[in-house]
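Here's the structure we're looking at; comments come further down.
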Amino acid sequence: MKIDQSLLAFFYPNKCMLCQKLLHVDDDLYVCSKCREKITAEVIPYKNLYTKEGEYPIQITTLFPYESEYRKAILRWKYQGIRKYAKGFARLLVEETDFSVYDEAVLIPIPLAISRKRKRGYNQALDLAVELSKLTNIPVCDCLVRHKDTKPQSKCTKGEREKNIKNTMRIRKACELTPKNILIVDDIYTTGSTIKEAIRVIKQEFLFRKAKIYVIVVGKGELFTGGIEDGC
């Protein structure tokens with residue numbers, strides 16, 4: 001049975017992902033015009049910051065800082081089951097980023113820990129990668145898996161994070177492509193320990209060894225500094 005869309009809009013009105021105000025007809029489906037004006041993606045280059053070639057991403061693209069209304073939006077997306085936010089964040093990323101420069105690329109989402117995937121029922125990073133793929137035609141290669149349960153990174157100190165995530169991922173299945181560019185997709189970036197572990201595992205796969213690696217995230221955490229001590 002089809003449900004009248006006007007009834008759905010009445011009982012479940014669209015709200016801005018960020019400020020939670022009701023959206024007007026002329027607003028975007030996901031953010032109000034006022035919030036949209038404040039969003040400008042930041043591209044953080046990593047070239048020449050590290051001496052060990054291949055262990056770090058070339059650059060990180062992020063929509064906004066992981067604070068205030070932005071942080072609340074990401075938390076609703078992750079923990080309140082508002083999965084449509086992945087569509088909104090993907091659209092904003094595509095509007096703010098030139099994905100056409102990533103030729104012969106694949107999107108690889110960061111995997112969720114086993115217990116958290118079971119409890120939540122979905123992986124927000126995979127959702128985001130799928131929505132980005134729809135808008136950019138870049139294929140998703142969901143090849144990483146977390147084979148060990150760990151303490152949530154958010155509950156670890158900066159010094160504990162790298163040890164906590166070490167040796168928790170593996171390649172579940174090989175990608176059928178040999179990409180020139182790999183776009184690692186996640187919700188937020190803080191110390192970079194999770195991304196660093198993902199890159200270490202990805203570079204062990206023969207088809208991925210020569211690929212350039214980039215990172216696409218929604219939020220940039222407060223622990224991010226962009227310096228060597230951050231342990232990207």
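Any value given below was found using the heavy atoms of this structure, including those in side chains, with hydrogens, waters and symmetry copies removed. Counting from 1, the numbers follow the sequence of the chain as shown. Keep in mind that this is a model prediction, so the values were computed, not measured.
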Exercise. Please work out which of the three classes, parallel, tilted or perpendicular, describes the rings of Phe89 and Phe64, given edges at 30° and 60°.
Key: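 Phe64 and Phe89: perpendicular rings.
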Minimum side-chain heavy-atom gap [X]-[Y] below 4.5 Å:
| X | Y | value |
| --- | --- | --- |
| Ile188 | Val217 | no |
| Ile108 | Cys143 | yes |
| Asp142 | Arg172 | yes |
| Pro139 | Leu177 | yes |
| Glu131 | Leu93 | no |

Verify same cluster id: [X], [Y] (apolar side-chain graph, 4.5 Å):
| X | Y | result |
| --- | --- | --- |
| Ile216 | Tyr66 | yes |
| Leu135 | Tyr214 | yes |
| Val94 | Leu29 | yes |
| Ile114 | Val145 | no |
| Trp77 | Leu126 | yes |

Exercise. Carefully, step by step, assess Ile199 and Lys203 under the rule side-chain contact (heavy atoms from CB on, under 4.5 Å).
Key: CA-CA 6 Å; Ile199 292 173; Lys203 283 299 186 179; 4.2 Å; yes
Quiz item: Got a salt bridge between Glu69 and Lys72, using NZ or NE/NH1/NH2 to carboxylate O under 4.0 Å?
Solution: no
Of the non-hydrogen atoms in [X] and [Y], which two are nearest, and what is the gap between them?
| X | Y | result |
| --- | --- | --- |
| Pro179 | Leu207 | CD-O, 3.8 Å |
| Thr62 | Gly219 | OG1-C, 3.4 Å |
| Ile202 | Ile171 | CA-CD1, 4.5 Å |
| Gln59 | Tyr102 | NE2-OH, 3.3 Å |
| Met17 | Val31 | CE-CG1, 3.8 Å |
| Ser133 | Ile138 | OG-O, 2.7 Å |

Between [X] and [Y] (side chain of the first, backbone of the second, donor and acceptor by atom type, cut-off under 3.5 Å), is there such a pair?
| X | Y | result |
| --- | --- | --- |
| Asp187 | Leu75 | no |
| Tyr122 | Lys78 | yes |
| Asn181 | Asp103 | yes |

First locate atom [atom1] of [X], then atom [atom2] of [Y], and finally report the distance between them rounded to the nearest 0.5 Å.
| X | Y | atom1 | atom2 | answer |
| --- | --- | --- | --- | --- |
| Arg170 | Arg146 | CZ | CZ | 12.5 Å |
| Thr194 | Ile184 | OG1 | CD1 | 10.5 Å |
| Leu92 | Ile39 | CG | CD1 | 4.5 Å |
| Tyr30 | Cys35 | OH | SG | 16.0 Å |
| Glu197 | Leu144 | CD | CG | 9.5 Å |
| Lys220 | Tyr189 | NZ | OH | 11.5 Å |

Quiz prompt | Distance-only polar pair, side chains of Tyr85 and Arg76, donor-acceptor under 3.5 Å | solution =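 Arg76 and Tyr85 do have a side-chain donor-acceptor pair below 3.5 Å.
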Exercise. May I ask you to check whether over 12 heavy atoms, not counting those of Lys21, lie within 6.0 Å of atom NZ?
Key: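 No, NZ of Lys21 has 12 or fewer neighbouring heavy atoms, counting only those of other groups under 6.0 Å.
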Practice problem: Sequence neighbours left out, what passes side chain to side chain donor-acceptor pair (under 3.5 Å) with Arg36? Give chain and number order. | Solution: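 Counting only residues at least two positions away or on another chain, Arg36 forms a side chain to side chain donor-acceptor pair (under 3.5 Å) with Glu95, Glu96.
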